[in-house]
Amino acid sequence: MAMTNQQVAGVLDEIGDILEIQGENRFRVVSYRRGAESVRSLQRDINQVWQAGELETIPGVGEALSKKIDELLRTGQLGYLEKLHEQVPPGVVSLLQIPEVGPSKARAMWERLGITSVEEAEEAARAGRLHELPGFGAKTEAKILANIETLRRRQKSGRTPIGEALPAARALLAGLQAAAPGIERAALAGSLRRWRDTIGDLDLLVASTAPEPVMAAFRSLPQVAEVLLSGPTKTSIRLGSGLQVDLRVLEPARWGTALQYFTGSQQHNIELRELALRQGWSLNEYALSSTKSGEERLCANEEDVYSALGLPWIPPELREGRGEIAAARQKKLPALVTLADIKGELHAHSTYSDGRNSLAEMAAAARARGYRYFAFTDHSQSLGVTGGMSPDDWRAQRDELAKVRADFPDMLILQGAEVEVRAGGTLDYPDELLAEMDVVVAAVHVSHRQPREQITQRALNALRNPHVDVLAHPSGRLLGRREPSEVDLDRVIEVAAETGTVLEINAHPVRLDLDDVHARRAVELGVPLVINTDSHSPADMEYLEYGVEVARRAWAGAGNVFNTWEPERLLEYLRRRGKAQADQG
DNA sequence: GCCGTTTTCGGCCCGACTGTTTTCAGTCG
């Protein structure tokens with residue numbers, strides 16, 4: 001059974017954890033963490049990179065890590081890790097999951113009290129045995145007990161999907177601005193500003209010359225369940241939902257460095273600060289400071305920070321330490337697709353299946369958004385729960401659409417279907433019917449848990465059917481609810497590059513599928529992406545921004561996104577595929 | 001353990017807050 005990038009990264013992280021508990025050189029520890037993060041965000045399957053003998057081209061992976069990854073992928077095991085496990089039991093590493101328990105406290109609990117699990121730590125805290133350890137006290141003991149509760153809550157909820165986090169953050173910021181005096185600027189920062197698909201905690205940034213009243217107002221917001229810590233420049237609270245929110249307040253004149261610092265990612269900031277050092281600057285959230293004279297250079301805007309280092313401003317969506325600083329230095333940052341570039345939708349539903357609105361209502365909503373084209377793709381027949389269309393239903397819809405089109409002369413209205421790729425791998429309509437459609441969107445909704453070979457083969461069958469134009473939500477994940485299927489997305493993307501099939505970025509904030517990492521691979525291989533909201537009502541069309549942001553995180557320009565194309569070019573592409581099909585016979 | 005527009009050796013981002021400390025270590029981001 002091949003290991004995934006996530007699993008390899010997990011092993012490297014575990015080595016880093018154990019070495020840190022052992023008190024190893026911290027730079028060695030950081031090397032394992034860096035390697036893990038790099039493997040985790042790799043846009044290719046690590047097995048492919050390994051087979052090509054290119055492990056050492058991964059940033060942060062040198063001779064030692066590549067040898068360990070090689071052993072891991074060859075044998076599924078790692079002798080070095082087994083040796084480490086003999087020295088430090090795996091249960092000790094699990095103690096690090098408790099908030100505010102780091103390597104030092106974990107080691108003390110293990111060496112002095114023989115604690116090797118969160119449960120044993122809880123027992124010891126209740127029995128009052130922790131506070132006698134060196135570096136511990138009564139408060140630490142009580143906190144550990146409370147934090148174990150927090151851990152259990154968090155393990156249930158996990159990271160928060162951005163579709164929940166963003167509205168909550170916007171409400172908090174608006175509430176703070178209404179309640180606190182003297183706020184000159186305010187922004188959401190952190191992974192939210194970078195539009196990561198899930199959010200660990202919320203980061204708010206405020207510019208004010210009088211921080212204390214801002215902090216006081218923040219602590220008193222109605223959403224606050226618990227104040228975790230509060231100082232003159234930083235306050236952290238927890239919401240009733242369990243989500244943690246950090247607020248930083250800084251002087252307006254330092255807004256640029258503050259926003260840059262607080263947006264992250266951590267890896268991006270490390271690389272940027274290393275670059276600054278090479279140019280004689282120390283960079284922190286307050287200023288750039290000359291390493292020679294100590295003289296400060298203040299940046300009121302983020303652009304100033306980057307330009308002082310000889311760089312163009314880097315969009316937050318790219319700041320993941322995935323090569324964006326090198327690209328910026330070479331002036332090779334892509335011109336990212338924007339919301340305004342989108343000219344239409346190719347995946348939407350009506351009352352002909354599980355949509356909530358009529359054809360005319362949906363078309364009117366699309367026109368109100370200024371769309372040049374709009375495709376109805378209701379579910380196919382086998383998807384009973386959605387009221388999927390029989391071939392006769394589809395023809396009835398075609399007749400109704402002929403009338404609806406007359407009311408929208410300036411918008412191209414297409415008719416297709418979201419055709420189920422059945423568990424056996426065949427499509428839900430005969431080819432003759434598919435051939436009549438303007439656009440065919442194939443999708444997997446049932447038997448998600450098939451083994452890798454089988455579910456991958458289903459996707460490939462769809463891609464290789466000459467009538468299929470788009471593969472929808474390829475991984476099938478539902479954030480916070482369902483893991484992605486085992487489908488081999490690298491293979492899917494490669495085959496899509498051969499067949500010319502368009503891959504969807506589903507913009508519904510629960511899906512965001514393709515994700516940013518795989519979408520970037522698609523961009524690299526020249527596979528066109530389509531950003532679809534999969535709307536079941538006019539309100540769903542508002543989700544478009546989430547999908548555009550995934551594409552931006554994937555380094556996609558407008559040219560990479562199918563539904564930024566002019567209607568004529570889009571139709572030409574769809575027809576040429578149809579013609580190629582006819583030629584194939 | 002990784003890496004190089006000063007380096008193949010000698011560095012490695014930077015600061016806030018808390019608790020248990022008599023001046024700082026630990027943890028977090």
Side-chain angles (χ1 to χ4, degrees), chain A residues 12 15-16 19-21 23-38 55-69 80 95-109 130-144 147 189-191 194 199-203 205 211 215 227-237 244-250 254 257-258 260-289 291 309-310 321 325-326 329-330:
Chain A
L12 298 180
I15 293 173
L19 293 179
E20 195 171 23
I21 289 169
E24 253 289 350
N25 176 304
R26 67 195 174 95
F27 298 112
R28 222 182 133 213
V29 172
V30 166
S31 294
Y32 279 95
R33 300 256 162 79
R34 170 100 210 281
E37 198 41 53
S38 205
L55 285 176
E56 288 197 39
T57 65
I58 301 172
V61 175
E63 198 183 334
L65 262 66
S66 79
K67 274 189 180 155
K68 292 186 173 72
I69 295 173
Y80 180 62
L95 299 176
L96 299 177
Q97 297 170 53
I98 305 170
E100 296 179 70
V101 171
S104 172
K105 289 198 166 61
R107 179 180 185 172
M109 285 192 268
L130 286 187
H131 71 261
E132 290 162 10
L133 295 176
F136 289 60
K139 281 193 173 177
T140 303
E141 188 173 69
K143 267 198 156 182
I144 286 177
N147 286 339
S191 52
R194 304 197 311 275
I199 305 297
D201 51 32
L202 305 183
D203 297 307
L205 184 64
M215 293 301 182
V227 177
L228 299 172
L229 55 87
S230 188
T233 70
K234 174 178 174 175
T235 292
S236 296
I237 59 102
Q244 183 176 324
V245 188
D246 297 336
L247 171 68
R248 286 291 296 266
V249 183
L250 291 102
R254 303 179 190 273
T257 41
Q260 194 289 314
Y261 153 74
F262 215 28
T263 297
S265 68
Q266 192 167 12
Q267 188 56 40
H268 175 85
N269 285 358
I270 288 172
E271 289 180 28
L272 195 67
R273 288 169 180 199
E274 284 170 351
L275 177 68
L277 277 179
R278 291 201 292 276
Q279 298 181 11
W281 297 101
S282 172
L283 172 63
N284 62 22
E285 59 263 55
Y286 299 107
L288 284 155
S289 306
T291 49
L309 301 174
I325 290 178
R329 292 177 67 184
Q330 298 162 19

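Under 4.0 angstrom from either OP1 or OP2 of B/dC17 there lies at least one side-chain N or O belonging to A/T233. Dashed line: the shortest gap from a side-chain N or O of A/Y261 to OP1 or OP2 of B/dA16 is not under 4.0 Å. At B/dC14, one or more side-chain N or O atoms of A/S282 fall inside 4.0 Å of OP1 or OP2 (strictly under the cut-off). OP1 or OP2 of B/dT20 has at least one side-chain nitrogen or oxygen of A/T140 nearer than 4.0 Å. Considering only side-chain N and O atoms, A/R273 lies nowhere under 4.0 angstrom from the phosphate OP1 or OP2 of B/dC13. In this model, the phosphate group of B/dC13 is not approached by any side-chain N or O of A/N269 to a distance below 4.0 Å at OP1 or OP2.
Counting any heavy atom pair closer than 4.0 Å across all strands shown, A/S230 reaches sugar-phosphate atoms only and no base atom. When heavy atoms are screened at a 4.0 angstrom cut-off, A/I270 is found touching base atoms of the nucleic acid. Among the heavy atoms of the strands lying under 4.0 Å from A/R248 are primed sugar atoms or P, OP1, OP2 only; no base atom is included. A/E285 comes within contact range of the sugar-phosphate backbone alone, with a heavy-atom separation under 4.0 Å but no base atom that close. Counting any heavy atom pair closer than 4.0 Å across all strands shown, A/Q266 reaches a base atom. Within the nucleic acid shown, A/L272 has no heavy atom closer than 4.0 Å to any nucleic acid atom. Residue A/D203 is out of contact with every strand shown, counting any heavy-atom pair closer than 4.0 Å. A/A138 comes within 4.0 angstrom of sugar-phosphate atoms only, judged by non-hydrogen atoms across all strands, and of no base.
B/dA16 sits 24 Å from B/dT21 when the P atoms are compared, rounded to a whole Å. Look at the C1' atom in both B/dC12 and B/dT20: the space between them is 30 Å, to the nearest Å. Spacing of C1' atoms, B/dC13 relative to B/dC2, comes out at 16 Å, to the nearest Å. Distance check on atom P: B/dG4 versus B/dT8 gives 12 Å, rounded to whole Å. The C1' atoms of B/dG19 and B/dT23 are separated by 13 Å, rounded to the nearest whole Å.
Shown here, B/dT8 forms no base pair; nothing in the strands shown gives a Watson-Crick or G-U wobble contact with both key distances under 3.5 Å.
Not one N or O on the side chain of A/R254 forms a donor-acceptor pair closer than 3.5 Å with the backbone of A/A287.
A distance of 8.5 Å separates OH in A/Y261 from CD in A/Q266, rounded to the nearest 0.5 Å.
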